[in-house]
Amino acid sequence: MSETLDRSLLPVRKLYTGEEIPCVGLGTFGSDKYGAEQVSQAVYGAIRYGYRLIDCAAVYQNEDSIGEVLQRVMQEGAVERKELFVTSKVWNDMHGEGKVLESCRKSLQDLRLDYLDLYFVHWPFPNYHAPGCSGDSRNPDSRPFSVEEFMATWRQCEELVDKGLVRYIGMSNMTIPKLEAVLPLCRIQPAALEMELHPSFQQKELFAYAREHNILPIGYCPIGSPSRPERDRTEEDVADTELPAVLAAAEAHGVHPAIICLKWAVQRGQVPIPFSVKENQYISNLKSAAEDPLTEEEMKAIEAEDKNCRLIKGQVFLWEGAKGWEDLWDVEGVITTC
């Protein structure tokens, strides 16, 4: 790859400390469709082009391959470690006492790094499912959210900061009721909240709540995750790239509708983390933030397309007695405890 992006053209986002981080990252979840080698090669090419934020997770089962290319791209002098912002996440089966440190050390070993820039609690409960399981899979040990259990996990994340293994910690897949319960108990506040965000699922209240508490929203599924696993698909799902306002903007700008979704995300103020193993796609994804912004009218039109269409429902994490996936997301405005 000979082309590289002039990074001075890219907007930045600020964490609560004032530190600036990239406005677009590269996701690395292969959606059960792409192998570790394909994902890691995309990471290599993306960094060579200009990506600096790489979003990883232990459960994606590809951190060791990504670690090889991180080491390679730094040895080649394409980037220094301090220029990268690498995230990872503790998976649900590693919430127990001492397990978070174990999980973090394994990610560091696999990624061949001395520290992580940001470490997330991937889901706010220890409900485990095997990678690649079907949508109707259930674990008999699953249980509702517990403030006490979550804070025990968060305390371990805070210790990672104390030990210098991670620079920031974050939460993921949370709700306002859960945040209201745990934020007052945090010694170290979350720097970011990873959440599903795309034009048909804008989570306006949660987005605003995070911003008001100096928590940076990082949005997964920013173009509606067309490659998501079958277990996460339902007949009611809305395709973001087929929304009228998105299509109208795509025609006006002469780009693919997916690029409009990313422009909207960046201009809204979240950090989208699109995933692609295709060079032309991950190049155009990052370039979208550096040129030809949407107009105010186009932003408003896309804002009006919100359909409250959650794609990643998380039903594999349900516990015995739960009525449905909605119980994971506290849709009644209170934490669901039964």
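Residue numbers start at 1 and run along the sequence shown.
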Side-chain donor-acceptor pair present, Tyr220, Asn173, cut-off under 3.5 Å
yes
Looking at every heavy atom in both Arg112 and Gly67, which two are closest together, and how far apart are they?
CD-O, 3.7 Å
Which atom of Pro272 lies closest to which atom of Cys23, heavy atoms considered
CD-O, 3.2 Å
Considering all heavy atoms, the nearest Glu298-Ala252 contact
OE2-CB, 3.9 Å
Using 4.0 Å as the upper bound for N to carboxylate O, is an ion pair formed by Lys287 and Glu3?
yes
Verify the neighbour count for atom NZ of Lys14: are there more than 12 heavy atoms of other residues, nucleotides or ligands below 6.0 Å?
no
With a cut-off of 6.0 Å (strictly less than), are more than 12 heavy atoms of other residues, nucleotides or ligands near CG of Asp162?
yes
When rounded to the nearest 0.5 angstrom, what is the spacing between CD in Gln202 and NZ in Lys307?
10.0 Å
Where the side chain of Arg310 meets the backbone of Phe201, is there a donor-acceptor pair that is under 3.5 Å apart?
no
Between Lys178 and Phe150, is NZ or CZ placed under 6.0 angstrom from the six-membered ring centre and within 45° of the ring axis?
no
Does Arg105 have more than 12 heavy atoms from other residues, nucleotides or ligands lying within 6.0 Å of its CZ?
no
Under 3.5 Å: donor-acceptor pair, side chain of Lys89, backbone of Cys56:
yes
Nearest atoms (heavy-atom pairs only) where Asn127 meets Asn92
O-ND2, 2.6 Å
Is Glu205 atom CD crowded by more than 12 heavy atoms from other residues, nucleotides or ligands, each under 6.0 Å away?
no
For Phe29 and Tyr60, I'd like to know if the aromatic rings sit close, meaning centre-to-centre distance below 6.0 Å.
yes
Taking atom types as modelled and ignoring hydrogens, do the side chains of Glu68 and Ser40 form a donor-acceptor contact shorter than 3.5 angstrom?
no
Evaluate Lys300 against Glu296 for salt bridge (Lys or Arg N to Asp or Glu O under 4.0 Å), listing each step before the verdict.
CA-CA 6 Å; Lys300 289 181 178 178; Glu296 185 177 344; 3.3 Å; yes
Do the rings of Trp91 and Tyr128 sit parallel, tilted or perpendicular, given the 30° and 60° boundaries?
perpendicular
Could you check whether atom CD of Glu291 has more than 12 heavy atoms from other residues, nucleotides or ligands sitting under 6.0 Å from it?
yes
Non-hydrogen atoms of Cys157 and Val121 that approach each other most closely:
SG-CG2, 3.7 Å
Does the Trp154 side chain pair with the main chain of Ile188, one donor and one acceptor, at a distance under 3.5 Å?
yes
Parallel, tilted or perpendicular: which one describes the rings of Trp123 and Phe317, with boundaries at 30° and 60°?
tilted
Heavy atoms of Val161 and Arg167 approach each other most closely as CG1-O, 4.3 Å
Could you walk me through whether Ser107 and Tyr119 satisfy the side-chain hydrogen bond (donor to acceptor under 3.5 Å, both in side chains) test, starting with their C-alpha distance in whole Å, then the side-chain angles of each, then the deciding distance to 0.1 Å, before giving a yes or no?
CA-CA 10 Å; Ser107 286; Tyr119 197 60; 4.8 Å; no
Please confirm whether the backbone N or O of Ser288 pairs with a side-chain atom of Lys263, one donor and one acceptor, at under 3.5 Å?
yes
Crowded around Gln71 CD? As in, over 12 foreign heavy atoms under 6.0 Å?
yes
